[in-house]
Amino acid sequence: MHLSVLVFVSVLSGSSFALDNGLMRTPPMGWLAWERFRCDIDCAHDPKNCISENLFMDMADRLSEDGWRELGYVYVNIDDCWSSKQRDDQGRLQADPKRFPGGIHKLARYMHDRGLKLGIYGDMGTHTCGGYPGTTLDKIQLDAQTFADWEVDMFKFDGCYSNASVQEEGYPLMSKALNATGRPIGYSCSWPAYQGGLPPKVNYTQLGQICNLWRNYGDIQDSWSSVLNIADWFFENQDVLGPAAGPGRWNDPDMLIIGDFGLSVDQSRSQMALWAILAAPLFMSNDLRTISGEARSILQNKMVIGINQDPMGVQGRRIVKEKSGIEVFWRPLSGDASALVFFSRRTDMPYRYQTSLSKLNYTTGSYKAFDVFTNSAMVLKDSADFVVSVNPTGVVMWYISAPARLNVRQYFSSDRMQGSAYRLDKDNAIPRVFF
Ligand code: GLA
C-alpha cells in the first residue's frame with residue numbers, strides 16, 4: 001500500500017523535473033525594461049524614459065489597456081539600475097528614493113490591481129552588471145525575503161562580479177530561499193550564460209530543478225545580426241538545449257526587440273516565429289506607448305502566441321538546412337498538431353521553396369495548414385508538393401492541424417449499408433484558443 005503510493009507519487013513528480021513552485025507551466029510573457037531602456041537614470045533630462053516608477057506604471061497602463069494582458073503579457077519586469085547605491089541600515093536592498101519615491105511594494109500593488117505581476121532584478125555577486133549592490137552569499141536569504149515582503153512575483157538573478165564556485169553555491173541557495181518565503185516567485189537564472197551555456201560546465205538537469213527559466217547565451221541588442229546570432233546558437237545546440245525545456249523550465253534566448261529600431265517587419269516576424277518554435281519566454285523590451293501598429297500586430301498574433309504557449313511545452317527544432325539558405329523549423333504541439341517555420345537567410349529576393357509534408361517527416365494523411373501571418377488556410381496531403389515564397393530574412397509560419405483520419409462514415413437504411421463517405425475528422429479544426 002505504502003509502496004504503491006510512493007511509486008505513484010514518484011511517477012507524478014518524475015514526469016517533469018521542473019522547479020517545484022508550480023509556476024510558469026507555459027513560457028512567461030510580459031515586458032522587461034533592459035534592452036530598450038538600459039540604465040538611463042537621467043530623469044532630469046529624460047523623465048519619460050529614465051528607469052523610474054513612472055516608466056513601469058506607464059507600461060502597466062499600456063499592458064492593461066491595449067489588449068496585451070488578455071493575451072498573456074502580464075509580467076512588468078524591472079531590470080538593473082533600480083536600486084539605491086547603498087543598502088539600508090538593516091542591510092536590505094532599497095529602491096532609489098528619487099526615481100522610485102513610492103517604493104517597490106507600492107509598484108507591485110499597482111501591478112496586482114491591474115491583473116499584472118511585477119518582476120525585479122538582482123545579481124549573484126558583489127555588484128550588478130551596472131554597478132549597483134549585488135547579492136553576496138550572505139545576503140541571499142535577506143534579499144529573497146525583501147522581495148517577498150514587497151510582493152514581487154518574479155526575480156531575475158544576474159551573474160556579474162562573481163565566479164563559477166560562488167554561482168554554484170548561490171543559484172541553488174536563492175532557489176531555496178525564494179521557496180522558503182512561501183510566496184510564489186518565478187525564478188530566472190542567468191547562471192548558464194556566465195558558464196558558456198553548454199555541458200559539462202552547465203548542468204541542465206539541475207537548472208530545471210532550481211530555476212523556472214534561464215539565460216543560456218549573450219545579451220540581445222537592437223539589430224537583426226544579434227537576433228540571428230542568438231537564433232543560430234540556440235538551434236546549433238538544440239540537441240542539448242531542447243530536452244532541458246518543459247513546463248516550468250525554459251531556455252531563454254532573451255527579450256523580443258520587435259517594436260524597436262533594429263528590425264524590419266519581416267525580421268520582426270522572424271523573431272516572433274523562431275521564439276515561438278523555441279518555446280521561449282516572451283518578454284518584450286520596447287516602448288508600448290509609441291509602438292507601431294505593425295509591430296503590435298506581430299506581437300499580438302494569437303496563433304503565434306498559441307504556438308509559443310502550447311501546454312505540452314516541447315521545444316521545437318531546426319529540421320532542414322538547405323544550401324539555398326532556406327531553413328525549416330518544426331515544433332510538435334498538443335492535440336497532434338505542429339508548427340512549421342520556413343525561414344530565409346537570403347539577402348536577394350523572395351525565394352520560392354518547394355517541398356512536401358512527407359519530405360518534412362509528416363506521416364500519411366491530410367492536414368490543414370494555417371498561415372499565421374496571412375490568416376489563410378489550405379488542405380495539404382502529405383505527399384503533395386507545395387511552394388512557399390519566403391522573403392529575405394523573413395519567415396512563413398504555419399500551424400498544422402492533426403492529420404485528418406479518413407473516417408468511413410456508414411449510412412444505413414433499414415439493415416442495408418447504403419454507402420460510405422469520408423469526412424475530415426474534428427482533429428483537423430483550428431483550436432478555439434486562436435479565436
Ligand atoms: C547583463 C544581463 C542583461 C541585463 C544587464 C543589466 O548584461 O545579461 O540582460 O540585465 O546585465 O546590467
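All ligand and atom numbering here is 1-based and tracks the order in the structure. Remember, predicted model here, so these are calculated numbers, not experimental data. Residues: numbered from 1 along the sequence shown.
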Would you confirm whether [X], through its side chain, and [Y], through its main-chain N or O, come within 3.5 Å as a donor-acceptor pair?
X	Y	answer
Asn77	Gly119	yes
Arg331	Val314	yes
Asp310	Met312	yes
Tyr204	Gly197	yes
Ser226	Asp222	no
Asn212	Ser188	no

Contact atoms of ligand 1, heavy-atom distance to [X] under 4.0 Å:
X	answer
Asp80	6 (C), 12 (O)
Gly130	12 (O)
Lys156	3 (C), 4 (C), 9 (O), 10 (O)

| Taking atom 5 (C) of ligand 1 as the reference point, the nearest protein heavy atom with its distance |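 Protein heavy atom at minimum distance: Trp34 CE2, 3.6 Å.
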| query | What's the shortest distance from atom 10 (O) of ligand 1 to any protein heavy atom, and which residue and atom give it? | reply |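 Its nearest protein heavy-atom neighbour is Asp79 OD2, 2.6 Å.
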| Close approach of Asp219 to ligand 1, heavy atoms, under 4.0 angstrom |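 So Asp219 counts as touching ligand 1.
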| Under 4.0 angstrom from ligand 1, any heavy atom of Arg215? |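 Yes.
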| query | Hey, is Asp158 touching ligand 1 through its side chain, its backbone, both or neither, going by heavy atoms under 4.0 Å? | reply |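 Answer for Asp158: side chain.
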